[in-house]
**Student:** 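What follows is a structure written as structure tokens; I'll ask about it next.
In this text, all values refer to a predicted model and were calculated from it rather than measured experimentally. Sequence positions, counted from 1, serve as the residue numbers for this chain. Computed from heavy atoms alone, side chains included, the values below leave out hydrogens, waters and symmetry copies.
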Amino acid sequence: MAMLKLNQLPQPPPRIGMWEPISTAQPAELDMSRTRELQKFMEDAGLYESGEESLKRQEVLGRLDQIVKAWVKKVTEAKGYNEEVVEEANAVIFTFGSYRLGVNGPGADIDTLCVGPRHVTREEDFFGELQRMLAELPEVQELHPVPDAYVPVMRFKFDGVSIDLLYAKLGLWVIPDDLDLSVPTLLQDLDEKSVRSLNGSRVTDKILHMVPNVQNFQMTLRCIKYWAKQCGVYSNVAGFLGGINWAILVARICQLYPTALPSLLVSRFFKLYSQWRWPNPVLLCPIEGGSLVLPSWDPRRNFRDRNDLMPIITPVYPCINSSYNVSSSTLCIMQQEFQRGNNICEAMDASVTGWNTLFERFLFFEAYKNYLQIDITARKDVDLMNWQGWVESRLRLLTSKIEKDTRGMLQCHPHPGECLDKSKRFHRCYFMGLQRKPGVCAQEGGPFDIRFTVEEFKNMAGMYTYKKPGMWIGVCHIKRNNIPLFVFPGGVRPARPKREARENGAAAEVNEAGDGKKRKIDESITCHKLRKFDSVAGTKNIPLAVEAKLEDSSITARCPIEDCSQSCLGNEGSFKFSPPVGASSSVSGSSSSTADVILVSDIVPAPSVCQQGSSEEHDRFQDDARSMGEVQKNFGEGTRVESEGVRQGVATGRDCSTIFRNDAGVEELEPTAPSSNVVPASYGAQKPLIKFNFTSLVRANS
């Protein structure tokens with residue numbers, strides 16, 4: 001009897017991959033129950049497309065296959081080949097990405113690859129004749145070719161279904177319908193763009209062959225992709241991971257737990273990658289060599305490969321790092337999310353919480369005090385799409401430059417995707433959250449001056465080869481409370497939840513006005529809640545929200561603490577500036593103090609104003625900028641205002657920095673402290689008014 005039961009046990013699955021499985025235990029009843037719960041949660045979340053939508057996608061792909069076959073025959077005939085060659089001319093459509101992996105959701109696009117014969121070219125035929133044929137079809141809308149991309153693509157909607165179409169020209173005269181793209185010899189004598197185009201389909205097919213159970217893999221991957229999007233870490237362009245990266249990570253878990261159900265695979269996913277020691281690479285199989293001269297990932301030979309922070313290696317020749325975009329900041333953020341996911345899964349094992357906790361949406365615009373806002377504009381829709389693609393490909397370089405210029409102490413969190421202001425045409429907006437890297441205290445990091453870094457990035461973006469008039473980019477630093485409303489659902493800023501204490505070395509606990517409650521306040525914030533303001537008692541950092549009327553240079557200061565209704569310097573009082581030595585005595589209150597004031601700010605003309613060079617608002621803003629000279633007169637000759645840069649910024653539609661200087665020097669802009677950008681005032685006011693957010697450094701003369 002015992003022997004019979006032993007013979008009836010399922011045989012362990014064969015090893016797939018480089019190492020033996022960690023566990024081949026059969027699923028327990030608890031795993032089955034949790035998998036059913038996960039399945040229901042994903043269905044309720046709308047992660048599966050309907051049967052009608054799936055059928056429509058298949059019809060669109062069939063129609064597209066007919067079009068490319070007719071296109072190849074037409075091109076072959078036009079080039080003078082005989083009837084036999086024309087009859088045998090063929091092209092084949094392959095799919096890859098989420099659709100090929102079986103994890104696409106409702107409304108997702110379809111990544112497709114057209115493989116053609118050697119006499120049909122990309123430049124003249126694919127982006128020529130085929131583009132014209134598609135443009136004439138009534139089912140095709142929003143046709144947008146991108147021939148100069150790293151992987152050239154033609155994007156369009158076919159009967160409402162979004163299509164990304166690539167092209168690869170093989171060295172064959174006839175393309176069979178049953179072509180196997182996994183054969184390495186097909187890559188022989190191909191151009192680099194064709195190799196890149198083929199790589200997506202070849203990698204996708206290989207992944208499906210490298211997992212022990214395709215259905216469990218698909219459900220787990222669908223779950224992890226949804227989690228990554230909810231956490232804001234799903235974007236290859238932004239420096240996180242894209243679909244193919246997450247697929248390889250999930251496939252590796254499936255290899256290590258070949259008999260596990262999706263609920264356990266999700267748990268083991270977070271457990272493994274929360275402990276993974278990067279930059280050790282994730283591999284599904286040994287790195288393949290080949291007789292072709294194609295570069296593969298090899299840090300022993302290639303110096304650039306040694307700098308990869310999170311190598312995730314594709315399983316087909318040539319094996320490459322699919323996550324080269326990852327930066328130090330984005331890696332740190334993903335590690336934090338892996339750890340958070342592991343903690344939640346452990347709590348689920350203890351029956352403390354459920355799946356909904358794991359998939360809670362990350363509130364990006366509530367998570368940081370400081371942000372960078374990147375605005376881009378163009379004059380036409382086509383120009384905007386080209387300009388947008390170029391800028392998006394450069395954004396990861398801005399993250400890397402900030403990390404480098406701040407010695408890795410300032411962490412950037414790029415928002416995974418653009419934001420759209422529906423009130424502005426031909427405009428896109430991007431955001432980056434800024435904070436000190438965990439473990440870096442305010443005293444150690446000091447203030448961060450990233451103005452030069454930002455200017456370098458803008459100059460680099462401006463080197464776009466196909467830049468046209470009207471293509472503009474602006475970068476400014478904003479505070480959380482100044483985030484534009486169009487980024488929020490419905491254009492309504494959500495109510496701020498009660499702030500939780502965070503473990504941050506740059507924060508100090510402060511007992512608020514006798515209520516016994518404690519909260520975390522940045523040590524760089526100084527107001528009456530921490531200590532009394534005294535302009536002569538020493539050197540103190542006083543962050544101020546300031547409105548400066550240029551006619552009389554009176555200053556109104558408000559407390560920077562968000563829930564503080566008092567004024568650090570008296571309710572609606574005037575901040576009395578003391579001019580430098582030798583300055584004019586016309587400044588209000590200059591006789592009452594001997595302190596120096598050093599100010600740094602940014603002036604950022606709104607893109608909507610800069611595009612309207614002849615508008616009344618633009619003229620008023622120019623007048624306001626010229627009025628900056630009044631500040632220079634009031635502060636005296638010891639203070640220089642770079643108003644020339646302001647006027648140049650207004651004239652060219654570019655943001656620029658205005659620096660108030662005196663003999664004592666210049667204070668650096670600190671993105672993590674409450675200094676912020678300058679925005680144009682409301683032009684409906686009776687008097688010209690420019691609103692500033694200053695960080696002032698008050699020094700007592702010894």
**Student:** Between Gln218 and Leu101, is there a donor-acceptor pair closer than 3.5 Å when you use the side chain of the first and the backbone of the second?
**Tutor:** yes

**Student:** Could you tell me whether the side chain of Lys169 reaches within less than 4.5 Å of the side chain of Leu190, counting heavy atoms only?
**Tutor:** no

**Student:** Please find the pair of heavy atoms, one from Ile224 and one from Trp246, that lie closest to each other, and give the distance.
**Tutor:** CG2-CE3, 3.9 Å

**Student:** Does the side chain of Ser328 come within less than 4.5 Å of Lys437's, by heavy atoms?
**Tutor:**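 They are in side-chain contact.
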
**Student:** In this structure, are over 12 heavy atoms from other groups packed under 6.0 Å from Arg304 atom CZ?
**Tutor:** no

**Student:** For His144, does the NE2 atom sit with more than 12 other heavy atoms under 6.0 Å from it, leaving out its own atoms?
**Tutor:**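 Enclosed: over 12 neighbouring heavy atoms sit under 6.0 Å from NE2 of His144.
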
**Student:** Taking atom SG of Cys114 and atom CG of Asp65, what is their separation to the nearest 0.5 Å?
**Tutor:** 8.5 Å

**Student:** Between Ile175 and Val72, is a side chain to side chain contact (heavy atoms under 4.5 Å, CB included) present by the stated rule, with each step listed?
**Tutor:** CA-CA 11 Å; Ile175 304 298; Val72 167; over 6 Å; no

**Student:** Are Glu456 and Lys401 close enough that some pair of their side-chain heavy atoms sits under 4.5 Å apart?
**Tutor:** yes

**Student:** Side chains of Glu142 and Met385: closer than 4.5 Å at any heavy-atom pair?
**Tutor:** no

**Student:** Answer yes when Glu346 and Lys271 have at least one side-chain N-carboxylate O distance shorter than 4.0 Å, and no when they do not.
**Tutor:** no

**Student:** Mind listing the closest non-hydrogen atom pair of Asn302 and Asp305 along with its distance?
**Tutor:**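 Asn302 and Asp305 have their closest heavy atoms at ND2-OD2, 3.0 Å.
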
**Student:** Does a donor on one side chain sit under 3.5 Å from an acceptor on the other, for Asp177 and Asn90?
**Tutor:**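 Judged by distance alone, the side chains do pair up.
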
**Student:** Going through the distances and angles, do Phe457 and Arg394 end up as a side chain to side chain contact (heavy atoms under 4.5 Å, CB included)?
**Tutor:** CA-CA 8 Å; Phe457 166 73; Arg394 307 290 100 183; 3.9 Å; yes

**Student:** Would you name the heavy atoms of Met219 and Tyr48 that are closest together and state the gap between them?
**Tutor:** CG-OH, 4.4 Å

**Student:** Answer yes or no: is there a donor N or O on one side and an acceptor on the other, between the side chain of Trp390 and the main chain of Ala461, under 3.5 Å?
**Tutor:** yes

**Student:** Side chains of Gln335 and Gln339: donor-acceptor distance under 3.5 Å anywhere?
**Tutor:** no

**Student:** Where do Arg57 and Gly105 come nearest, in terms of heavy atoms and distance?
**Tutor:**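 Heavy-atom minimum between the residues: NH2-O, 3.6 Å.
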
**Student:** With a 6.0 Å cut-off on ring centres, are Phe41 and Phe359 close enough?
**Tutor:** yes

**Student:** Under a 3.5 Å distance rule, please check whether Lys56 uses its side chain to pair with a backbone N or O of Asp159 as donor and acceptor.
**Tutor:**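 Checked: pair present.
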
**Student:** Do Pro281 and Ile312 come within less than 4.5 Å of each other through their side chains, counting heavy atoms only?
**Tutor:** no

**Student:** Treating Arg306 as the side-chain partner and Pro299 as the backbone partner, does any N or O pair qualify as donor plus acceptor under 3.5 Å?
**Tutor:**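 Such a contact is found between Arg306 side chain and Pro299 backbone.
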
**Student:** Quick check on the 6.0 Å ring-centre criterion: do Trp276 and Phe270 meet it?
**Tutor:**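 No, the ring centres sit 6.0 Å or more apart.
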
**Student:** Using side-chain heavy atoms (C-beta onward) and a distance below 4.5 Å, is Leu165 in contact with Ile93?
**Tutor:** yes

**Student:** Can you find a side-chain donor-acceptor pair between Arg36 and Ser263 that sits under 3.5 Å?
**Tutor:** no

**Student:** Looking at Arg34 and Asp349, is any side-chain nitrogen of the basic one under 4.0 Å from a carboxylate oxygen of the acidic one?
**Tutor:**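 Yes.
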
**Student:** Specify whether Tyr273 and Trp278 have parallel, tilted or perpendicular ring planes, treating 30° as the upper limit for parallel and 60° as the lower limit for perpendicular.
**Tutor:** parallel

**Student:** For ring pair (Phe, Tyr, Trp, His ring centres under 6.0 Å), just list the numbers for Tyr371 and Phe364, CA-CA rounded to whole Å, side-chain angles, deciding distance to a tenth of an Å, and then say yes or no.
**Tutor:** CA-CA 10 Å; Tyr371 296 84; Phe364 177 83; 5.7 Å; yes

**Student:** Assess whether side chain to side chain donor-acceptor pair (under 3.5 Å) is satisfied between Glu403 and Ser327, documenting all intermediate values.
**Tutor:** CA-CA 9 Å; Glu403 293 173 355; Ser327 67; 3.2 Å; yes

**Student:** Begin with the C-alpha distance, continue with both residues' side-chain angles, and end with the deciding distance and a verdict on side chain to side chain contact (heavy atoms under 4.5 Å, CB included) for Tyr317 and Ser296.
**Tutor:** CA-CA 7 Å; Tyr317 176 80; Ser296 292; 3.9 Å; yes

**Student:** Between Arg252 and Gln255, is the side chain to side chain donor-acceptor pair (under 3.5 Å) condition met? List the steps.
**Tutor:** CA-CA 5 Å; Arg252 187 73 195 101; Gln255 291 179 344; 2.7 Å; yes

**Student:** Just verifying a value: how many Å separate Asn104 CG and Ser98 OG, rounded to the nearest 0.5 Å?
**Tutor:** 5.0 Å

**Student:** Any side-chain heavy-atom pair from Leu358 and Trp355 closer than 4.5 angstrom?
**Tutor:** yes

**Student:** Determine whether a donor-acceptor pair (N or O, by modelled atom type, separation under 3.5 Å) exists between the side chain of Gln411 and the backbone of Met409.
**Tutor:**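 No, the answer is negative, given that no donor and acceptor are paired below the 3.5 Å cut-off.
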
**Student:** Take atom NZ in Lys157; do more than 12 heavy atoms of anything else shown fall under 6.0 Å from it?
**Tutor:**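 For Lys157, atom NZ is not crowded (no more than 12 foreign heavy atoms under 6.0 Å).
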
**Student:** Mind running side chain to side chain contact (heavy atoms under 4.5 Å, CB included) on Phe269 and Phe338 for me, showing each step along the way?
**Tutor:** CA-CA 9 Å; Phe269 175 91; Phe338 287 147; 3.9 Å; yes

**Student:** For the residue pair His413 and Phe240, does the interplanar ring angle fall in the parallel (under 30°), tilted (30 to 60°) or perpendicular (over 60°) class?
**Tutor:**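 Plane angle over 60°, so perpendicular.
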
**Student:** Is there a side chain to side chain donor-acceptor pair (under 3.5 Å) between Asp164 and Ser162? Walk through the geometry before answering.
**Tutor:** CA-CA 7 Å; Asp164 285 357; Ser162 297; over 6 Å; no

**Student:** Give a yes or no on whether the backbone of Cys412 and the side-chain of Ser329 come within a donor-acceptor separation of less than 3.5 Å.
**Tutor:**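 Yes, because the side chain of Ser329 sits within donor-acceptor range (under 3.5 Å) of the backbone of Cys412.
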
**Student:** Do side-chain atoms of Asn213 reach the backbone of Asn216 as a donor and acceptor pair under 3.5 angstrom?
**Tutor:**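 Judged by distance alone, yes, a pair lies under 3.5 Å.
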
**Student:** So, are Asp191 and Lys193 salt-bridged, with charged N and O less than 4.0 Å apart?
**Tutor:** no

**Student:** Could you grab the distance from atom CZ of Arg202 to atom OG of Ser197, nearest 0.5 Å is fine?
**Tutor:** 12.5 Å

**Student:** Rounded at 0.5 Å granularity, tell me how far OG1 in Thr95 sits from CG in Leu64.
**Tutor:** 11.0 Å

**Student:** For Asp109, is there an ion pair with Arg155 - N to carboxylate O distance below 4.0 angstrom?
**Tutor:**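 The answer is no: the pair does not qualify as a salt bridge.
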
**Student:** Of all the heavy-atom pairs spanning Glu337 and Cys231, show the shortest one and how long it is.
**Tutor:** OE1-SG, 3.5 Å

**Student:** Within 45° of the ring axis of Phe94 and under 6.0 Å from its six-membered ring centre, is that where the NZ or CZ of Arg100 lies?
**Tutor:** no

**Student:** Compute whether any side-chain donor of one residue and acceptor of the other, for Ser323 and Asn245, lie under 3.5 angstrom apart.
**Tutor:**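 On atom types as modelled, these side chains do not qualify, holding no pair under 3.5 Å.
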
**Student:** Determine, for Arg63 against Glu59, whether the closest basic-nitrogen to carboxylate-oxygen distance falls under 4.0 angstrom.
**Tutor:**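 No.
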
**Student:** Using a 3.5 Å distance criterion without hydrogens, assess whether the side chain of Asp125 forms a donor-acceptor pair with backbone atoms of Thr121.
**Tutor:**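 At least one qualifying donor-acceptor pair exists.
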
**Student:** Tell me whether Thr314 contacts the main-chain N or O of Ile320 through its side chain, where contact means a donor paired with an acceptor under 3.5 Å.
**Tutor:**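 Such a contact is found between Thr314 side chain and Ile320 backbone.
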
**Student:** With distance as the sole test, does Thr330 use its side chain to make a donor-acceptor pair with the main-chain N or O of Val326 at under 3.5 Å?
**Tutor:**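 No, the answer is negative, given that no donor and acceptor are paired below the 3.5 Å cut-off.
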
**Student:** Output the distance between atom SG (Cys223) and atom CD (Gln39), rounded to the nearest 0.5 Å.
**Tutor:**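 Reported value, rounded in 0.5 Å steps: 10.5 Å.
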
**Student:** Does any part of the side chain of Val237, heavy atoms only, come nearer than 4.5 Å to the side chain of Asn325, both counted from C-beta?
**Tutor:**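 They are not in contact (no side-chain heavy atoms under 4.5 Å apart), so the answer is no.
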
**Student:** If you measure from CG on Leu284 to NE2 on His209, what distance do you get to the nearest 0.5 Å?
**Tutor:** 13.5 Å

**Student:** Would you indicate whether Gln215, at its atom CD, is surrounded by more than 12 heavy atoms from other residues, nucleotides or ligands within a distance under 6.0 Å?
**Tutor:** no

